[in-house]
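Letters A, B, ... are given to chains in the order of the sequence lines, protein chains preceding strands, and every chain is numbered from 1.
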Amino acid sequence: MAILMNKNTRILVQGITGREGRFHAERMVAYGAQVVAGVTPGKGGMWVMDRIPVFDTVRDAVRATGAEVSVIFVPARFAADAMLEAADAGIRLIIAITEGIPIQDMMKVVTYLDEKGVKLVGPNCPGVLVPGQTKAGIIPGNIAIPGPVGVVSRSGTLTYEVMYAMQQRGIGVSTTVGIGGDPVHGLGFIEVLQMFEEDPDTQAVVLIGEIGGTEEQKAAEYIARHMSKPVVAYIAGRTAPPGKRMGHAGAIVEGGEGTAEEKIRALEAADVRVARHPEEIAEILASLL
Amino acid sequence: MAILMNKNTRILVQGITGREGRFHAERMVAYGAQVVAGVTPGKGGMWVMDRIPVFDTVRDAVRATGAEVSVIFVPARFAADAMLEAADAGIRLIIAITEGIPIQDMMKVVTYLDEKGVKLVGPNCPGVLVPGQTKAGIIPGNIAIPGPVGVVSRSGTLTYEVMYAMQQRGIGVSTTVGIGGDPVHGLGFIEVLQMFEEDPDTQAVVLIGEIGGTEEQKAAEYIARHMSKPVVAYIAGRTAPPGKRMGHAGAIVEGGEGTAEEKIRALEAADVRVARHPEEIAEILASLL
Amino acid sequence: MKLHEYQTKQIFADHGIPIPKGWVAETPEEAARIAQELGGPVAIKAQVLVGGRGKAGGIKLARTPEEAREVAERILSMTIKGLPVRKVLVEEAADIAQEIYLGITNDRAAKRPVVMASSEGGVDIEEVARRSPEKIVRAHIHPLLGLQAYQIRDLALGIELPREFWSSFIAFARALAQVYQKYDATLVEINPLVITRQGNLLALDAKLVVDDNALYRHPELEKFRDLDAEDPTEVEARQYGLSYIKLDGTVGCMVNGGGLAMATMDIIKLFGGEPANFLDIGGGANAEKVARAMRLILADPKVKVVLINIFGGITRCDEVARGILAAMEEVKPDIPMVVRLVGTNAEEGRALLQEAAMETATTLTEAAQKAVRLAYGQ
Amino acid sequence: MKLHEYQTKQIFADHGIPIPKGWVAETPEEAARIAQELGGPVAIKAQVLVGGRGKAGGIKLARTPEEAREVAERILSMTIKGLPVRKVLVEEAADIAQEIYLGITNDRAAKRPVVMASSEGGVDIEEVARRSPEKIVRAHIHPLLGLQAYQIRDLALGIELPREFWSSFIAFARALAQVYQKYDATLVEINPLVITRQGNLLALDAKLVVDDNALYRHPELEKFRDLDAEDPTEVEARQYGLSYIKLDGTVGCMVNGGGLAMATMDIIKLFGGEPANFLDIGGGANAEKVARAMRLILADPKVKVVLINIFGGITRCDEVARGILAAMEEVKPDIPMVVRLVGTNAEEGRALLQEAAMETATTLTEAAQKAVRLAYGQ
């Protein structure tokens, strides 16, 4: 078992005819994911990889293929519309890879999706990987083996780094969820931690955070109160200067708030083992499992 | 028992220091209703009738008095704000007497209230009367006695006419709900019919409709499928010319749709007895009960 | 409040909705000048606030400025469904490849606006709705979120709009939704929206109806009001907060509340009479308003009897009685009155009217029967 | 993107938010002329995009045009926190009765904007938040519904604003929320919002920060961009889609992904080195972008070694390798490089780099240790 998706999950790719959309749809298919449809407005009727039908609208795609999860690769200025379209067409889980979506667009989208009860992962995220089963997004499939560790992260490549280090030590992953690096996003640490806590196949959780905001601090509170499984964490940005946006829109220390130190302190107070560098996470996990 | 309210319901009056608000708050109190607070922004600290405290905000009023139902008398251009304020302050049922609220305001308010799970009666309605127990709104208290008939109506004074005729024949009312004459409003015929069907103290229902829209036709469908209790109806506007707004914003035959004939036909097809004039309703009820 | 085509098109243009080039003219000479300026075939369109202008001959083509003058002269002398044509819109004749329909109105049942599109433009949309309802596709607008591009794509697909027009159709429909929202419209309609042979989308006709309750937010529209289109008595009534609609019968009615006013008309008819009007004095009507209402009714020479039916709620019967007395004092009517007062302060009202010589009634049935009898001179 | 006070005030004025009368000046003479025109005491305010202008002496009063000239001359020659003052705002000095605070920002945790008000205006709001948090009242804005009047009344009550100012405060806050939404702001702030002795509300200071991701919707703001306020290298980097921040160390970093870039900096520090920069080449970086990034790093003379850490996801390692080779070809650097490629097309990337003489590493730890060692010349 895993969280959010499994090998039978029927996946739609919005923006499938774009460069990145097509590239990653191919990788997803190669990994074994059930990519049943693509959507690019104005390109309905095309085929991608000679096997994935492209539709003009999500509604048509869902009707024809029963897709339930949509991975969004459309450019930032069309991404809000794409997410709303997916939600209205009956998609239950949206995974938004797109980076650079205006924050006010995201606040509207998140409000609407919450109302509709549609889950969102991202935006500006690498997506979801269930090793050995399926992947929805851009996480390289070859850096993880199935196993008992759930991974949740605000970062992209940093997560791969950690997964790769785990793989090198033979530690497998139940599900990796990249919740994204934007200040306003869908599922947060707490929601994903809760899913991992409830997932019988997950025995430990890796939480990868970074500077900016208070999500790690709130996750620490949640862990202290509700998590029985061990959590290992890493927080990036100890050397980041304040007031500067470190790549991710959400990675910024503002008004002295959201520093790595404050997050590490909160996590350690919740009995979370905090690694000093990404590869140390694997070492700690090896000692725990 | 009754629907929506009873003698213990704690009522707030928004716009209590206005002419109509004060007049009807007094009548409500005289009828025995628990009017526990009033709200007029900028007049917090005043008292009405030496016993009802006035607050600046609904939040303060609810905190101080536990009000759960709010009756809105504020002018049309401030009414949407007043309703949203009530909803956000934890009021569970809003009764909007105000007439002339822009329809786009109402569409926004209704959308928001639905999200929040807050019930709305009106706007442009006479409110709710539970004879012998309480009243929230402007229905004269002395024209109804407690009894087994639920009354639901799009109209104001026409409803009083019917209730008065019932009273003259000794037929009592369980609850009267004026759902309002505006095209977009809160509770509709179907929701109220359902409550009456479930109310053990209601044995028959009077439905008073008028030209415009399709609510009576949909109610007829509902009655045919779900109502075990007898329904007596009256539809105003047989002599109304098409394309003209007959007083109420919602009372207009548009594109040949929403005529009295079409509504009467739908109701009769659902085995509803349709009276030819308001006073005949009482005659029909007398024969039924 | 209905806006004229030329007014609506001005608003459209301000919001980026493409319209044919043109101007409004009040004289044949002006029309000729505009045609000259436009320098090609023009359409000349009567600006009246009723449907069916085209069938009535209010829309004509003209190839030359001279022809434009003649056509404008003819149209400007017309009266269409009782309304005099005072202005014509003179605009470039479009080179039409396809006509579609696009409109937004409020869906009462759904409690939100609905966008409607049809591949059958340029014809009566209600006719299309009856004949081939599948030709009309719909999308509801979330009142808080507004119309989204994907919904417009759904519409475009639904009406089988060729893909090359999708992006301009999206911009078009979004702008239309913006106008709808910004102007508190209850209807905005483009019929037809044409695709020209040059591949452009163009609003060939334009209709906009604004929610009267929201006019306070749009003082800029006041200058657009066309009093020609409205019955002067209805306009006067509105100014006093009364809702009045003239009918053809002999029994004048003064009632408080729209539903009760309709029911009163209906019962007059039921007992063999004909109502002379709908008149709702509204809630909380004071004496002055009632006096105004009385004068409005009595101004109609066909009225043979007045039935006053007041059920006090917000309205207080004593105030109504005072209004009646004041109006009687001033107008001194020579026709009979039947008065029925019930509800809030009814007794005080009745007491006030006791001295005046009026027929009174207890039930509505009795009041209606008395009024009908008096109307027939019995 | 941060806007200057005078730019923000111009936007405020366009949206009905009252501001002091005034204009911007680039020379002492202009400042004197404006003071003359305003005809009373004026405030002269340095227009620089950093906090703490006041403390640095960038805001002064002047009673006469002559004094305004002198003050402006002094301020226009200042450099505040490294930024040259090129413009001053000269405006009517307000007759202040009370100073309050009003601002809107995004609450990340609540996922919606939050309005903040405080009776303590004119002082550092973060200081107020620390010292007496109860002095700051908040209201969240529903992203679809917008700020409502009742919420502003709650704020007015919360800061004990006298009732006579409620209605102007409501108009003020609504207009501010409108500006916030319309300009895709991430922060809009009035500190202080003053109540004058004449009883008017006035935005005495004004701050507006616009979401960079939304700038495509606001091409009109491009003219407001102040390149002075930004590091030229960072500006150049942004133009190429790179995210670059200069630091003080000796180990140049080129990484894909913000999180990994930070982690790379952190591990350099952990092993005793100092990162020279943050550089995220972004997702899907192509060869050209990588070459640009390399040139940016090498332009910093302090850099003694470059650590390239690429974990391929969207980014393909072979493309990165091609970029590195192109940059090497052109720049011919004489400092060592440590390259680590993992993930998508890593093998192809490594194959391409085989011929180039570079240190390679398998793990991040190994890469960091090698880079630190090389930085210290070992």
S.K.: Can you tell me if CZ on D:R350 sees more than 12 non-hydrogen neighbours from other groups inside 6.0 Å?
M.R.: yes
S.K.: Donor-acceptor pair, distance only, cut-off 3.5 Å: does the side chain of A:T157 make one with the backbone of D:F311?
M.R.: no
S.K.: Please assess A:T111 against D:H142 for the test side chain to side chain contact (heavy atoms under 4.5 Å, CB included), listing each intermediate value before the final yes or no.
M.R.: CA-CA 8 Å; A:T111 303; D:H142 188 291; 3.7 Å; yes
S.K.: Scan D:D266, D:I267, D:T264, D:L247 and name whichever one has a side chain to side chain contact (heavy atoms under 4.5 Å, CB included) with A:T239.
M.R.: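 Going through D:D266, D:I267, D:T264, D:L247 one by one, the side chain to side chain contact (heavy atoms under 4.5 Å, CB included) with A:T239 is satisfied by D:D266 alone.
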S.K.: Checking D:Y240 now: which residues fulfil ring-ring contact (aromatic ring centres under 6.0 Å, His included) with it, not counting sequence neighbours?
M.R.: none
S.K.: Could you tell me which of D:P113, D:A368, D:A261 has the largest number of non-hydrogen atom pairs under 4.5 Å with chain A?
M.R.: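 Highest number of heavy-atom pairs under 4.5 Å: D:P113.
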S.K.: Let me know if D:R238 has heavy atoms under 4.5 Å from chain A in its side chain, its backbone, both or neither.
M.R.: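 Answer is neither: D:R238 stays 4.5 Å or more from chain A.
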S.K.: Any salt bridge (Lys or Arg N to Asp or Glu O under 4.0 Å) pairs touching residues 233-242 of chain A, not counting sequence neighbours?
M.R.: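 Listed once each, the pairs would be none.
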S.K.: In this structure, are over 12 heavy atoms from other groups packed under 6.0 Å from D:E347 atom CD?
M.R.: no
S.K.: Would you sort out whether D:N106 and A:V184 count as a side chain to side chain contact (heavy atoms under 4.5 Å, CB included), showing the intermediate values?
M.R.: CA-CA 9 Å; D:N106 292 320; A:V184 170; 5.6 Å; no
S.K.: Is it the side chain or the backbone of A:E115 that comes within 4.5 Å of chain D heavy atoms, both, or neither?
M.R.: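 Answer is side chain: those atoms of A:E115 sit under 4.5 Å from chain D.
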S.K.: Is D:Y180 in contact with chain A via its backbone, its side chain, both, or neither, using a 4.5 Å heavy-atom distance?
M.R.: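 For D:Y180, heavy atoms of backbone and side chain both lie under 4.5 Å from chain A.
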S.K.: How about D:R217 and A:P102: do any of their side-chain heavy atoms sit closer than 4.5 Å?
M.R.: yes
S.K.: Minimum heavy-atom separation for A:K218 to D:A109, with atom names?
M.R.: NZ-CB, 3.5 Å
S.K.: If you define the side chain from C-beta out and look only at heavy atoms, does anything of D:T344 sit under 4.5 Å from A:R27?
M.R.: yes
S.K.: In terms of heavy-atom contacts, does CD of A:E268 have more than 12 from other residues, nucleotides or ligands at under 6.0 Å?
M.R.: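 Counting other residues, nucleotides and ligands, CD of A:E268 exceeds 12 neighbours.
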S.K.: A cation-pi test, strictly: NZ or CZ of A:R245 under 6.0 Å from the centre of the six-membered ring of D:F278 and no more than 45 degrees from its axis. Yes or no?
M.R.: no
S.K.: So which residue, D:A129, D:G258, D:G343, ends up with the most heavy-atom pairs under 4.5 Å with chain A?
M.R.: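 Looking at each option in turn, the highest pair count goes to D:G258.
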S.K.: Of all of D:Q181, D:E274, D:E126, which one pairs up most often with chain A through heavy atoms under 4.5 Å apart?
M.R.: D:Q181
S.K.: For a 4.5 angstrom cut-off between non-hydrogen side-chain atoms, does D:N213 reach A:I101?
M.R.: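 No; the side chains remain at least 4.5 Å from each other.
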S.K.: Could you pull out the closest heavy-atom pair between A:S155 and D:G259, with the gap in Å?
M.R.: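 Heavy atoms of A:S155 and D:G259 come nearest at OG-CA, 3.4 Å.
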S.K.: Using the test ring-ring contact (aromatic ring centres under 6.0 Å, His included), find all partners of D:Y183 that sit at least two apart in sequence or belong to another chain.
M.R.: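 Per chain and number, D:Y183 pairs via ring-ring contact (aromatic ring centres under 6.0 Å, His included) with D:H15, D:H218.
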S.K.: Could you have a look at A:K108, A:E99, A:E215 and say which one has the most heavy-atom pairs with chain D under 4.5 angstrom?
M.R.: A:K108
S.K.: Count the heavy-atom pairs under 4.5 Å between each of D:T363, D:D212, D:L215 and chain A, then report the option with the highest count.
M.R.: D:T363
S.K.: Based on non-hydrogen pairs under 4.5 Å, which of D:V255, D:D211, D:D280, D:I268 is most in contact with chain A?
M.R.: D:D211
S.K.: So do D:M262 and A:L158 actually touch side chain to side chain, heavy atoms under 4.5 Å?
M.R.: no
S.K.: Quick one: which of A:E279, A:H185, A:K244, A:R276 has the most heavy-atom pairs under 4.5 Å with chain D, could you say?
M.R.: A:E279
S.K.: Checking heavy atoms, do the side chain of A:I103, its backbone, both or neither come under 4.5 Å from chain D?
M.R.: both
S.K.: Is D:K111 reaching over with its side chain to a backbone N or O of A:G186, donor-acceptor style, under 3.5 angstrom?
M.R.: yes
S.K.: Mind checking whether D:F271 and A:H277 have parallel, tilted or perpendicular rings, split at 30° and 60°?
M.R.: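 If you compare the ring of D:F271 with that of A:H277, the planes turn out tilted.
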S.K.: Of all heavy-atom pairs between D:A185 and A:Q104, which one has the smallest distance, and what is that distance?
M.R.: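 Nearest heavy atoms, D:A185 then A:Q104: O-NE2, 3.3 Å.
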S.K.: Answer yes or no: is there a side-chain heavy-atom contact under 4.5 Å between D:N309 and A:E161?
M.R.: yes
S.K.: Listed by residue number, which members of residues 74-85 of chain A have a heavy atom under 4.5 Å from any heavy atom of chain D?
M.R.: A:R77
S.K.: Just wondering, do D:L364 and A:P278 contact through their side chains at under 4.5 Å, heavy atoms?
M.R.: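 They are in contact (side-chain heavy atoms under 4.5 Å apart), so the answer is yes.
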S.K.: Among A:M246, A:E257, A:E210, single out the residue with the greatest number of heavy-atom pairs under 4.5 Å to chain D.
M.R.: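 Answer, by heavy-atom pair count under 4.5 Å with chain D: A:M246.
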